[in-house]
Amino acid sequence: MPSVLITGATSGFGKAAAQRFAKAGWSLILTGRREERLKALESELSQQVPVLTLTLDVRDSDAVTNAISNLPERFLPLTCLINNAGLALAPEPAQKVDLNDWHTMIDTNITGLVNVTHAAMPLLLAHGKGASILNLGSIAGQWPYPGGHVYGASKAFVQQFSYNLRCDLLGTGVRVTDLAPGLAETEFTLVRTKGNQEASDALYRGTTPLQAEDIAEQLYYLATLPAHININRLEIMPVRQAWSPLNVDRDPE
Ligand SMILES: NC(=O)C1=CN([C@@H]2O[C@H](COP(=O)(O)OP(=O)(O)OC[C@H]3O[C@@H](n4cnc5c(N)ncnc54)[C@H](OP(=O)(O)O)[C@@H]3O)[C@@H](O)[C@H]2O)C=CC1
Ligand SMILES: O=CCS(=O)(=O)O
C-alpha cells in the first residue's frame with residue numbers, strides 16, 4: 001500500500017489531499033499543530049485506510065526529526081511527501097511590517113519545509129523509483145506583487161530548493177515538483193489577515209477561486225504519474241486570475 005506524509009493536514013490543501021489520497025487507498029501520515037482537527041480527520045479517514053497523526057510544529061527540527069525517523073514500519077517505505085504546511089502574514093507594505101511576521105514566514109515556509117524534507121528523505125530513498133516530494137510553492141514565488149515581500153521570497157526559495165533537490169536526487173528515482181497555485185479559497189487569507197473573516201470573504205467574493213479539492217487533485221495526479229516522469233514546476237491559476245501591468249510612479253499633473 002503506498003503511503004503519503006502530508007504536512008499541514010488540518011485545513012485547506014492538506015486536508016483535501018488527505019481525503020483524496022484516502023479515497024485512492026493510500027496510507028496517511030498527517031501532521032499539523034491543531035491536534036483536535038487531526039483527530040477529527042483521523043476518525044473520518046481511518047475507516048478507509050491506516051492513518052497516523054503527528055501533532056507537530058514544522059519549525060521544531062528536533063520534534064520533526066524524532067517523529068519522522070520513528071514512523072511505524074507499516075507506513076514505510078514512504079511513497080510521497082507533501083510539504084504543504086505554510087502561511088502568509090502581513091499583507092501590508094514591507095515598510096510597515098512587524099519583523100516577527102517576517103521571521104514566522106521564514107521559519108515556517110523555509111526552515112520548516114527543510115526540516116521535514118531532511119527527515120523524510122531517507123524514507124523516500126528507501127522507496128526509490130516512483131517516490132515523490134511535492135512542495136507547495138506559489139505564484140508569489142515567481143511573480144512580485146505589493147505586499148508579497150517575504151512570503152513571495154519564501155516561495156521562490158521553495159522553487160529553487162525543489163530544482164536543486166532534483167539535481168542531487170538524480171539517479172535515485174525520487175521525483176521533486178514545485179506546485180505553484182494562485183488564488184485558492186482556504187483559511188490562507190484568514191491567517192494572513194490574522195482572523196479578519198470579512199477581509200478573507202471579500203478577497204474571494206465575486207470571482208471563482210481555486211478550491212482545496214482542485215489542488216488535491218493535482219497533488220494526486222503528480223504522485224501517481226508514471227515513474228519515469230518528473231513535472232518540475234506546475235503553476236495553476238483560476239481562469240479568472242491573470243497578471244497586472246507593471247506600476248509606474250509618476251509626478252502629480
Ligand atoms: N490558498 C492559497 O491561495 C495558496 C496557498 N499556497 C500554499 O499552500 C499551502 C497550504 O495553504 P492553504 O491550504 O491555502 O492554507 P491553510 O491556512 O488552509 O492551511 C495551512 C496549513 O499549514 C499548517 N501550518 C501552518 N503553520 C504550521 C506550522 N508551523 N507547523 C505545522 N503546520 C503548520 C496549518 O496547520 P496548523 O495551523 O494546525 O498547524 C494548516 O494545516 C501553504 O504553504 C501556502 O503558502 C500556495 C498558493 C496559493
Ligand atoms: O500563495 C498564495 C497565492 S497569492 O496570495 O500569493 O496570490
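Just so we're clear, the structure is a prediction, and the values are computed from it rather than from any experiment. Order of listing sets the numbers, starting from 1, for every ligand and every atom in it.
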As an exercise, identify every atom of ligand 1 less than 4.0 angstrom from a heavy atom of [X].
X: S11; value: 16 (P), 18 (O), 19 (O), 41 (O)
X: R59; value: 29 (N)
X: G12; value: 13 (O), 18 (O)
X: L56; value: 30 (N), 31 (C)

Using the six-membered ring wherever Trp is involved, compare the ring planes of W26 and Y220 and label them parallel, tilted or perpendicular (cut-offs 30° and 60°). perpendicular
Counting only heavy atoms, which portion of K15 has something under 4.0 Å from ligand 1: side chain, backbone, both, or neither?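 Contact part for K15 vs ligand 1: neither.
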Polar-atom distance check: [X] versus ligand 1, any N or O pair below 3.5 Å?
X: L183; answer: no
X: G8; answer: yes
X: V58; answer: yes
X: S138; answer: no
X: Y151; answer: yes
X: L136; answer: no

Residue Y204 excluded, over 12 heavy atoms near OH under 6.0 Å: yes
If you draw a 6.0 Å radius around CD in E253, do more than 12 non-hydrogen atoms from other residues or ligands fall strictly inside?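 Open: at most 12 neighbouring heavy atoms sit under 6.0 Å from CD of E253.
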Strictly distance-based, threshold 3.5 Å: is any side-chain N or O of [X] a donor or acceptor partner for the main-chain N or O of [Y]?
X: T79; Y: P2; answer: no
X: S61; Y: N115; answer: no
X: Q47; Y: S43; answer: yes
X: D178; Y: V158; answer: no
X: N84; Y: G8; answer: yes
X: K23; Y: Q48; answer: no
X: H149; Y: G147; answer: yes
X: R175; Y: L225; answer: yes

Inter-residue atom distance T111.OG1 - M105.CE, 0.5 Å rounding: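 The CE atom of M105 is 13.0 Å from OG1 of T111, to the nearest 0.5 Å.
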Distance, nearest 0.5 Å, that separates NZ of K15 from CG of L38: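 Reported to 0.5 Å precision, the distance equals 10.5 Å.
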Tell me, which protein residue and heavy-atom name are nearest [atom], and how many Å apart are they?
atom: atom 9 (C) of ligand 1; value: N84 O, 3.0 Å
atom: atom 12 (P) of ligand 1; value: T186 OG1, 3.5 Å
atom: atom 47 (C) of ligand 1; value: P181 O, 3.2 Å
atom: atom 37 (O) of ligand 1; value: R33 NH2, 3.0 Å
atom: atom 13 (O) of ligand 1; value: F13 N, 2.9 Å
atom: atom 20 (C) of ligand 1; value: G86 O, 3.8 Å
atom: atom 29 (N) of ligand 1; value: D57 OD1, 2.9 Å

Who's closest to atom 34 (C) of ligand 1 heavy-atom-wise, of I6, N109, T10, N135? T10
Among A216, A85, P238, G182, which one puts a heavy atom closest to atom 48 (C) of ligand 1? G182
Tell me, please: is [X] in heavy-atom contact with ligand 1, that is, under 4.0 Å?
X: T7; answer: no
X: A140; answer: no
X: E185; answer: no
X: G137; answer: yes

N230 and N232 side chains, donor-acceptor separation under 3.5 Å: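 Side-chain D/A pair, N232 to N230: present.
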Would you say L54 and F13 are hydrophobically clustered, going by side-chain heavy atoms of ILVMFWY under 4.5 Å?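 In one cluster with L54: F13, no.
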Cationic tip of R192 above Y151 ring, under 6.0 Å, 45° of axis: yes
Any idea which residues sit under 4.0 Å from ligand 2, heavy-atom distances? S138, I139, A140, Y145, Y151, F188, R192
Is the shortest distance from a Lys or Arg side-chain nitrogen in E235 or R233 to a carboxylate oxygen in the other one below 4.0 Å? yes
Salt-bridge contact E42-K39 (side-chain N to carboxylate O under 4.0 Å):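 Looking at K39 together with E42, the answer is yes, because their closest N to O distance falls below 4.0 Å.
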